[in-house]
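Beneath this line is the structure, given in structure tokens, with notes to follow.
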Amino acid sequence: MAQVNTVLGPLHPDQLGTTSLHEHLLWSSPGWEFSPEAKQHFDPPRVFEKIYKDLLDFKAAGGSTIVDVSGIGIGRDIEFYACLSRYSGVHVVACTGFWAERKILPYFAERDIDYHTDLFVQELTQGMGMTNVKAGVIKVGNSGNRFTPLEEMLYHAAARASKKTGAAIITHGVQYAPKQAETLLAEGVEPSRVVISHLDAAYALDLERDKELGRMGFYLGYDHIGAEEPGIPYAMPDKRRVELVVEMIRAGFLNQIILANDTNGWSIGLVHRGTPKHTFSHLLRKFVPELMKAGVTEKEIHIMLVETPKKILPF
Ligand SMILES: [Zn+2]
């Protein structure tokens, strides 16, 4: 029976509950730990308390599971995640894989497709890094202004690892959404194992593209919810996101829509993205009520936040 890999071990899909599929408990740029400021940026009790409170608030708002899509080298800290999950009672799924090229460590960038396929498979089936905690999804990304050869190779490796294990793939880099789809399909991945993320980035809105990806069978991520601050390139008012989601539901894609905040519990040594109020619970406390005001039913919310993650995460 297919199960979900959480940082505390396997979970029955029925226990996932309300799930946010695209968040970051920790987020950084590789190398921060070698800086003289490292201790200042990452004081474990302080960082723990902040994220722990965010997770408790998410739980109090009805949330049950968070998927961390930070990946290798940009903050992912399995033991820290396990502690957070154990004490908060929120299920945490961590990922294997990478963000776009500029946050991929040379150690990994210098290796070939077979290495990366094996790396992803190993992290999904044996354990991430030096732990025996298994990854629950594969993250792949591409830059905003180009799809580099390294990134393309990693999409192919992710596809192969997904086919070997059954694990789902979550993407980053919406400017190249059609190329993401094409690259993964070329390896024979089922579109129903892929979430194309960030379709609600302000600079790349295109409902016709979304509907086409939906018709192909991909999951559709409207996962920048709460990114409203002027000055962030992908930000726009949530009101616009409500319109996008409502239109996609009306167009028949209810069962493929993913909702998430893509927010950070703690940004290590980087300027925190968004406002301090934009935490994991925003989706449930602020966005869901707006959707309901726009006519989305409780049953439809349940499908997007509970039933769909239940189809994506188990393998
Ligand atoms: Zn993200």
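One-based numbering, in listed order, for ligands and for the atoms of each.
With salt bridges taken as basic N to acidic carboxylate O contacts below 4.0 Å, one links K211 and E247.
A side-chain donor-acceptor contact under 3.5 Å links N261 and E23.
Not one N/O/S atom of E23, from backbone or side chain, sits under 2.8 Å from the Zn ion (ligand 1). Checking H24 against the Zn ion (ligand 1), an N/O/S atom falls under the 2.8 Å cut-off. Taking 2.8 Å as the threshold, H198 does not count as a candidate ligand of the Zn ion (ligand 1), since none of its N, O or S atoms lies below it.
Aromatic ring centres of Y222 and F287: separated by at least 6.0 Å.
Note: E123 CD to I72 CD1 = 4.0 Å, rounded to the nearest 0.5 Å.
Of all the N, O or S atoms in D262, the one closest to the Zn ion (ligand 1) is OD1.
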